[in-house]
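Right, one structure below, let's go through it.
Here is the naming used below: chain letters follow the sequence lines, and residue numbers restart at 1 for every chain. Predicted model, so just to flag it, every value in this text is computed and none were measured.
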Amino acid sequence: MEYHFKEIEQKWQARWAKDKTFRAENNSAKPKYYVLDMFPYPSGAGLHVGHPLGYIASDIMARYKRHKGFNVLHPMGYDSFGLPAEQYAIQTGQHPAVTTEQNIKRYREQLDKIGFSFDWDREVRTSDPKYYKWTQWIFIQLFNSWYNPRNNKAEPISTLIAVFETEGFKGSDHNILTGDIEKDLVPFTATDWKSFDAKKRSDILMHFRLAYLGEAYVNWCPALGTVLANDEVKDGVSERGGHPVERKLMKQWSMRITTYAQRLLDGLDDIDWTDSLKEAQRNWIGRSEGASLEFGLIPGPSPKEKGVDKPRWQTADPAIYDILKKYARENRRPQTEAEDLVWQQVRNNKLGFKFRRQHAVGTYIADFICLEKGLIVEIDGEIHELTKERDENRTAVLEQLGFKVIRFTNAEVKQNINDVIARIREVCNSTPSQMERGQGGEAKITVFTTRPDTVFGVSFVTLAPEHELVDVITTAEQKQAVNDYVTKAKNRSERERQADVNTISGVFTGAFVEHPFTGKPVPVWIGDYVLAGYGTGAVMAVPAHDERDYKFAKHFNLPLPQVIEPTSAEHDFAKDAWGEKEGKLINSDFLNGLDVKAAIKKAIAEIEARGLGKGKVNYRLRDAVFGRQRYWGEPIPVYYKDGIPQVLADHELPLVLPEVDKFLPTEDGEPPLARAKDWKYKGQYDYEWTTMPGWAGSSWYFLRYMDAQNENAFADKKLADYWQNVDLYIGGSEHATGHLLYVRFWTKALKDLGFIGVDEPAKKLINQGMIQGTSEKVFMVTGSKSQIAIEYFRNKVLFTHQGLYHKSVRNIFISSEIVLSEKLEDGGEFVNVPIEFVNNNIVDIEQFKLRLVQNGLFENSIIVTKQGYFYNGEYLFLDGNTELLFRSRSEVEKMSKSKWNVQTPDEICEKFGADTLRLYEMFLGPLEQSKPWNTNGITGVAGFLKKLWRLFYAGGEFNVNDAEPTKSELKTLHKTIKKITDDIERFSFNTSVSNFMICVNELMEQKCNKRVILEQLLVLVSPYAPHIAEELWEKLGHKESISTAAFPVFNEAYLVEDSFSYPVSFNGKVRFNIDLATTLSPQEVEKLVLEAEQTQKYLEGKAPKKVIVVPKRIVNVVV
RNA sequence: GCUCUGGUGGUGGAAUUGGUAGACACGCAGGACUUAAAAUCCUGUGACCUUAACAGUCGUGCGGGUUCAAGUCCCGCCCGGAGUACCA
């Protein structure tokens, strides 16, 4: 009987489905093993041969572990929300749910043909309300949580509220310099907290929630009409579709992943993922250690001169200014005696500085204020003794706004007015005058630096164009220049900015800051080489020791003070900067003579000691934007009541995606969900209109597979504890900084909140390499260039046919060997041709013509080949040729529909069978390696399966006997058991296939048809080629599926040899082999080798200096 | 630029701890079977030199080094692929 793969494969696929052979047990005495493939997005293009590569590897692992006695969880499902289906919906009007359903069906058919051992009862789809109910539920948990930096974990928001109620907020609960949002949060007391209204409380809590609504610069993609997360933007354009992206300040739902930056980094050390992937995550998180350092502004011109529109005295909170003003007027008349005493001494510039009284600052009214010096003087009456705490808070708030506050009691003033005035005068004189402070702003520029050691080499400070102080500090003369520059910088797309990194641009603000150590004035510049989103958006420029600062300084002719003398190399500071962390400090006061490392430590210590800043860790990682202005995603379970976002209660979930008339934004630019009719919470409150991003559903799906049908929890705690996390995760490396970071983040948060017991989603992760396509390309000349090409060919005397000179010739296609020999590459471009039109680089002209006709390109095109032309359907031959060889050029590139180079697994299954496909994809090479697809070797693999089949058959009859196997048969088998086991354990699937071939070749030679041998061989093969294994297993008389048959156990005894053929080398060169008993001692081996006949020839009469004997390996004679 | 990763016959690749480089497969060449083709089977196949045969020389991107012994370890370079990029 012949090997008919088609019948066999259909039969077993049906049988497995019917018997639920691969169902994972939730209650099992067996140890668990969880193998997972990365969640596929069911695209309209279906699977190509690259997709199953990882699925086959994971399936082999799953089947192998079942043989090894594990309870295996090996599920599959679909990440079925996403942009492509929605884009398609916009174009065609088809509901994305419909196209998604079709695509999933197609995927499933393709997957089924390959014979995977998935437990389909656990299938999940992110777009299913039963699934996204729990995505929404998790969102709510994150909304109701904050990251407690003291305990280093996420906690319910209630623990934060408890802190606010007892301690208030002192500004120290967020020690991480990220997210930008925390900056504005003003400290408050417990009393304040209790007095805040619901809106204010909600606003404050928003600064802490793990899922929060906040304002931040986001990647706005106008073409897609939505914002994108950082990992969805590549080279300044959207990853999907390649549309331009710009920076935009928007209110967005975000995830506070930055709070987990350190844990995400540390966790990498404990998981077995590929180095390159861990490295990518480390880079993305981008931890750098350094210090923050404050540069105080030096007094500048008056507000008018500075061109500040708002008068300097307008320091009050605008929201309550009118009320405060009224109070201030009223307070001004009935002054206390003490206040009046002071006022008489300070009014009318008596101290040399202008003082105002009863002046509104923020939400308070200050008794006396000197704006120039940023000084507030408060006179406390007796009643204030009782409210000391409130005064302290008041001081804290005023200081937060950048003021210095000094207090005197009524008694002090009355008893010794002169001392009080002297004190005020002293403080005024010792306080440098400060610039106008913006609302809530500071009179200091804070920079982040990793090189505090170079602080004495600062020659200027540079701000990002978006920096909040830009408007405030710019002088009148520079106003115009700065405005122009900032406007230009803001309107540039990210792509333009990135493409333009070598052009140096910037502008001087006219302002100066004071060097924190030397007190010297340092000019403040604006430059777009400083990024608003990193650090503080401001840098201290040390041009001698930083390349970017160097270029900037050179361009604008700024000084380059050197503070490090390199000791390891000669360096020419006239040419470029010395950026290495190496050398001795010079010109640096207390740092002189130290080496860089010591200087960094010392500088940080000094900065902290003088209160100028702090040692700080900075992360490049940004919070993840979570809202998308799109339709096809999970609705965010939030509604707005009186402007306050509220989350839904558990029993109100899922919030089902509503129907809309169009999948486009509204006329007002609101997201598509705003179109939904009567879609309001309790009929009156608007729901959130943005939806969740693609990575929401995939950030926890591995948990859902543990308990896919549960309606009461995302997964039962008991089951989550049993399955824990993924033992082997296989997928592409393209998810390194997206999905794989987010899923780690959610896992950690869910663990902190006590819902699961593990801290990482996957213990081991393998990246399968990409399978590239081989494209076929032909050379095309179009438009005006084609006339030039015609001239060219006429001069070359290639064209003999008059008609070819026709002016209306549009497209010329030129056979690639002509292009190469005539060096025509610059005159046109290579365009893709469907690979099925091409055979051995020869393009089928008739099929190519049909394609041209379809695309309306056929008329007036010419195909030029060495043998003649094809013009408007006619073949014109040169020199008696009868055939045109229109040659294409092959090129390896990404496999994609648009490049006409897609190979589907279905075609291979049809032609060779699923088992051959599985073996061949593994045989191609190491799993991790990328490789172009070709079917060159597939006949070898198909031949192997036929040979395997023939071992069981003789003369068309099934023929297996029960005789005792020979020693050599057992040796072949056990050698193979050892190799295959080792191979699987180290994920070397390609060598397994080779080893199967060797095994079958040997058994063929031995004419082995012994049941004992073949039966075990089948189990070995079964993970790789399950259909043929099941069929032959059944033929051997088994009633049960092979899938749980015990994996053969290797027995060393069968491999023991009596003798070994020692390669004998002389000075490392192998000369001959000699058979010696394995029982011999090294000394005996040495003796026998030296006595051997051939040895004399290579000794050339000399005595051996040394003989090395490695038992059962090699003998080396040194002459 | 930085980080990761790779470089072995005509091709895909093997060599797991330093121990016979090129397993296995494709391709190619020759042969058997066949009217023929397909399928199948057998033989050969790194390069060079040489031969009747043996034997010999070179050989894992390049240049050094360590070692009795290096594709494998160390140092310095070259080239390809991927990721990332004014990240202070």
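- The glycosidic torsion of rG9(B) lies within 90° of 0, which places this base in the syn conformation.
- Taking the six-membered ring where tryptophan is involved, the planes of Phe295(A) and His515(A) are perpendicular, since the angle between them exceeds 60° and thus also 30°.
- The CZ-C1' distance, from Arg950(A) to rU40(B), rounds to 7 Å in whole Å.
- Backbone-only contact: Thr939(A) has heavy atoms under 4.0 Å from sugar-phosphate atoms and none from a base.
- No more than 12 heavy-atom neighbours from other residues, nucleotides or ligands sit within 6.0 angstrom of NZ on Lys979(A).
- Within the nucleic acid shown, Ser276(A) comes within 4.0 Å of sugar-phosphate atoms alone, with no base atom in reach, counting heavy atoms only.
- Among residues two or more places apart in sequence or in another chain, the salt bridge (Lys or Arg N to Asp or Glu O under 4.0 Å) test is passed with Asp915(A) by none.
- A centroid separation of 6.0 Å or more is found between the aromatic rings of Trp578(A) and Tyr550(A).
- Spacing of P atoms, rC41(B) relative to rA53(B), comes out at 30 Å, to the nearest Å.
- By the 30° and 60° cut-offs, the orientation of the rings of Tyr920(A) relative to Trp933(A) is perpendicular.
- Taking the six-membered ring for Trp and thresholds of 30 and 60 degrees, Tyr534(A) and Phe448(A) have ring planes more than 60 degrees apart, a perpendicular arrangement.
- A gap of 14 Å separates the P atoms of rG9(B) and rC48(B), to the nearest Å.
- Between rC28(B) and rG83(B), the two C1' atoms lie 40 Å apart (nearest whole Å).
- If you check every strand for non-hydrogen atoms under 4.0 Å, Ile1108(A) touches a base.
- At a threshold of 4.0 angstrom between heavy atoms, the contacts of Leu531(A) include nucleobase atoms, whether or not backbone atoms are also involved.
- Residue contacts for Thr503(A): at a heavy-atom cut-off of 4.0 Å it reaches a base atom on one of the strands shown.
- The nearest whole Å value for the distance from the CG atom in Leu919(A) to the C1' atom in rA25(B) is 12 Å.
- Taking 4.0 angstrom as the limit, Asn990(A) places a side-chain polar atom (N or O) nearer than this to OP1 or OP2 of rA14(B).
- rA52(B) and rC58(B) have their C1' atoms separated by 25 Å, with the value rounded to a whole Å.
- At a threshold of 4.0 angstrom between heavy atoms, the contacts of Tyr1098(A) are confined to the sugar-phosphate backbone, with no base atom among them.
- Note on Arg287(A): nothing from the nucleic acid sits closer than 4.0 angstrom, heavy atoms only.
- Within 4.0 Å of Lys1069(A), counting heavy atoms only, lie sugar-phosphate atoms of the nucleic acid but no base atom.
- A cation-pi arrangement is not found for Lys1112(A) relative to Phe1060(A), the charged atom failing to lie both closer than 6.0 Å to the ring centre and inside a 45° cone about the ring normal.
- If you take atom C1' in rA70(B) and the same atom in rG64(B), they sit 14 Å apart, rounded to whole Å.
- Residue contacts shown for Val530(A) include a base, since a base heavy atom lies under 4.0 Å away.
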How does RNA chain B look in dot-bracket form if you count Watson-Crick and G-U pairs under 3.5 Å, write [ ] for pairs that cross, and put | where a base pairs with another strand? (((((((..(((......[....)))((((((.......))))))(((.......)))..(((((..]....))))))))))))....

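- Here Asn1001(A) lies in heavy-atom contact (under 4.0 Å) with sugar-phosphate atoms only.
- Glu928(A) comes within contact range of no nucleotide atom at all, as no heavy-atom separation falls under 4.0 Å.
- Residue contacts shown for Val1110(A) include a base, since a base heavy atom lies under 4.0 Å away.
- No hydrogens or angles were tested; on distance alone, a donor-acceptor pair under 3.5 Å links the side chain of Asn1116(A) to the base of rC68(B).
- rA38(B) and rA32(B) have their C1' atoms separated by 16 Å, with the value rounded to a whole Å.
- Sequence order on RNA chain B of the closest nucleotides to Lys1106(A) and Met1004(A) puts Met1004(A) first from the 5' end.
- In this structure, Phe996(A) reaches neither bases nor backbone, as no heavy-atom distance under 4.0 Å exists between it and the strands shown.
- Rounded to the nearest Å, the gap between the P atom of rC62(B) and that of rU8(B) is 10 Å.
- Residue whose closest nucleotide on RNA chain B sits further toward the 5' end, between Val993(A) and Asp275(A): Asp275(A).
- The local environment of NZ in Lys764(A) is crowded, with over 12 non-hydrogen atoms from other residues, nucleotides or ligands closer than 6.0 Å.
- At the heavy-atom level, Asn934(A) lies nowhere under 4.0 Å from the strands shown.
- The aromatic rings of Phe944(A) and Phe996(A) sit parallel to each other, their planes meeting at less than 30°, with 60° as the upper class boundary.
- With both ends at atom P, the span from rU60(B) to rU5(B) equals 23 Å, rounded to whole Å.
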